[in-house]
Enquirer: 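Structure in structure tokens, see below.
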Amino acid sequence: MSEHMTEEEQVEALKKWWRDNGTAIIIGIVVGLAVVIGVRYWFSYKETRALHASDAYNNFTAAIAKKDKALSQKLAAEMLDKYKGTSYAALTAMWLAKQDVTANKLPEAAKHLRWAVDHPGYKTISLIARDRLARVLVAENKLDEALKVLDAVKDQTFEPRFAMVKGDILSKQGKTVQAREAYQLALTDPTLAGKERNLVQMKMDNLSSSLSQDSKK
């Protein structure tokens, strides 16, 4: 037998190989192209949507600056409806929550903050919204629920910030030692300053004094 195939045999072998594998190759090429096109379309869609969300948020903040409450409320509702999942929508929800707190509508504030937690756009926004949600729940005296909100995530960067609210919760629950430890951690937060830092220090000092008095009894 010849060690080399004739030209006709090579052509025939190629035809056979193509019959056996051609369909799979074509499918692979089509799928590959679809993936590439799909990815490009997705990024293009996200970029365009983010730009539209930015424009909408600018209109929303302009309405706030003009103190046009009716327009700002309308634009806020549109933002949450059309741009869920963007940071602009989450920031809008947090603004609505702030308005609710001012109006003493705490359940509504909690609802908007939960929305921001679930659709933050960026993780940092979710953590900030979570901290504010816990504060609202504390104001409603829903202490266990507030603690669960804070304990649901572990983030070393935000732990000192969360600790300030945890201190309030634990103090209200009568867990003085744990509350003082939480306030101690809160004081390590580099962003804690001014009146807020002084308030945390005062709370911790009061708990320390209370523990000292209890130990003398």
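This one's a predicted model, so the numbers in the text were calculated from it and none came from an experiment. Sequence positions, counted from 1, serve as the residue numbers for this chain.
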Enquirer: Atom CD of Glu159 and atom CG of Asp189: how far apart are they, to the nearest 0.5 Å?
Expert: 11.5 Å
Enquirer: For the CE atom of Met204 and the CG atom of Leu207, what is their distance to the nearest 0.5 Å?
Expert: 9.0 Å
Enquirer: Taking atom NZ of Lys98 as the centre, does the number of heavy atoms from other residues, nucleotides or ligands within less than 6.0 Å exceed 12?
Expert: no
Enquirer: Between the main-chain N or O of Asp168 and the side-chain N or O of Tyr183, is there a donor-acceptor pair closer than 3.5 Å?
Expert: yes
Enquirer: Fit a plane to each ring of Tyr88 and Tyr57, take the angle between them on a 0 to 90° scale, and name the class: parallel (under 30°), tilted (30 to 60°) or perpendicular (over 60°).
Expert: tilted
Enquirer: Would you give the length of the straight line joining atom CG of Asn59 to atom OG of Ser72, rounded to the nearest 0.5 angstrom?
Expert: 12.0 Å
Enquirer: Check step by step if side-chain contact (heavy atoms from CB on, under 4.5 Å) holds for Ile125 and Met94.
Expert: CA-CA 9 Å; Ile125 294 177; Met94 291 169 71; 3.8 Å; yes
Enquirer: In Å, rounded to the nearest 0.5 Å, how long is the span from CE of Met79 to CG of Leu96?
Expert: 10.5 Å
Enquirer: Can you give me the closest heavy-atom contact between Ala134 and Val165, atom names plus distance?
Expert: CB-CG1, 4.0 Å
Enquirer: Is the shortest heavy-atom distance from the side chain of Val149 to the side chain of Val117 under 4.5 Å?
Expert: no
Enquirer: What distance separates Glu196 CD from Leu199 CG, expressed to the nearest 0.5 Å?
Expert: 7.5 Å
Enquirer: How about CZ on Arg132, more than 12 heavy atoms from neighbouring residues, nucleotides or ligands closer than 6.0 Å, or not?
Expert: no
Enquirer: State, yes or no, whether a side-chain contact exists between His112 and Trp95 at a heavy-atom distance under 4.5 Å.
Expert: no
Enquirer: Testing the basics here: between Ala90 and Ala116, what is the closest heavy-atom pair and its distance to 0.1 Å?
Expert: O-CB, 3.9 Å
Enquirer: Between Phe60 and Glu78, is there a side-chain heavy-atom distance shorter than 4.5 Å?
Expert: no
Enquirer: When rounded to the nearest 0.5 angstrom, what distance separates OG1 in Thr86 from CG in Leu80?
Expert: 9.0 Å
Enquirer: Taking C-beta and beyond as the side chain, do Ile169 and Leu150 meet within less than 4.5 Å on heavy atoms?
Expert: yes
Enquirer: Check whether Met202 and Met164 end up in the same hydrophobic cluster, where Ile, Leu, Val, Met, Phe, Trp and Tyr are linked by side-chain heavy atoms less than 4.5 Å apart.
Expert: no
Enquirer: Side chains of Phe162 and Leu185, heavy atoms from C-beta outward: is any pair under 4.5 Å?
Expert: no
Enquirer: With respect to Leu147, which candidate in Leu143, Asp144, Asp151 satisfies the side chain to side chain contact (heavy atoms under 4.5 Å, CB included) definition?
Expert: Asp151
Enquirer: Which heavy-atom pair separates Gly167 from Ala179 by the least distance, and what is that distance?
Expert: O-CB, 3.6 Å
Enquirer: Begin with the C-alpha distance, continue with both residues' side-chain angles, and end with the deciding distance and a verdict on side-chain contact (heavy atoms from CB on, under 4.5 Å) for Lys175 and Lys166.
Expert: CA-CA 11 Å; Lys175 300 175 181 178; Lys166 283 185 177 181; over 6 Å; no
Enquirer: With clusters defined by side-chain heavy atoms of hydrophobic residues (ILVMFWY) lying less than 4.5 Å apart, directly or transitively, does Leu127 cluster with Leu113?
Expert: yes
Enquirer: Does the side chain of Asn104 come within less than 4.5 Å of Leu106's, by heavy atoms?
Expert: yes
Enquirer: Please test Lys82 against His52 for side-chain contact (heavy atoms from CB on, under 4.5 Å), starting from the C-alpha separation and ending with a verdict.
Expert: CA-CA 10 Å; Lys82 293 182 180 180; His52 289 167; over 6 Å; no
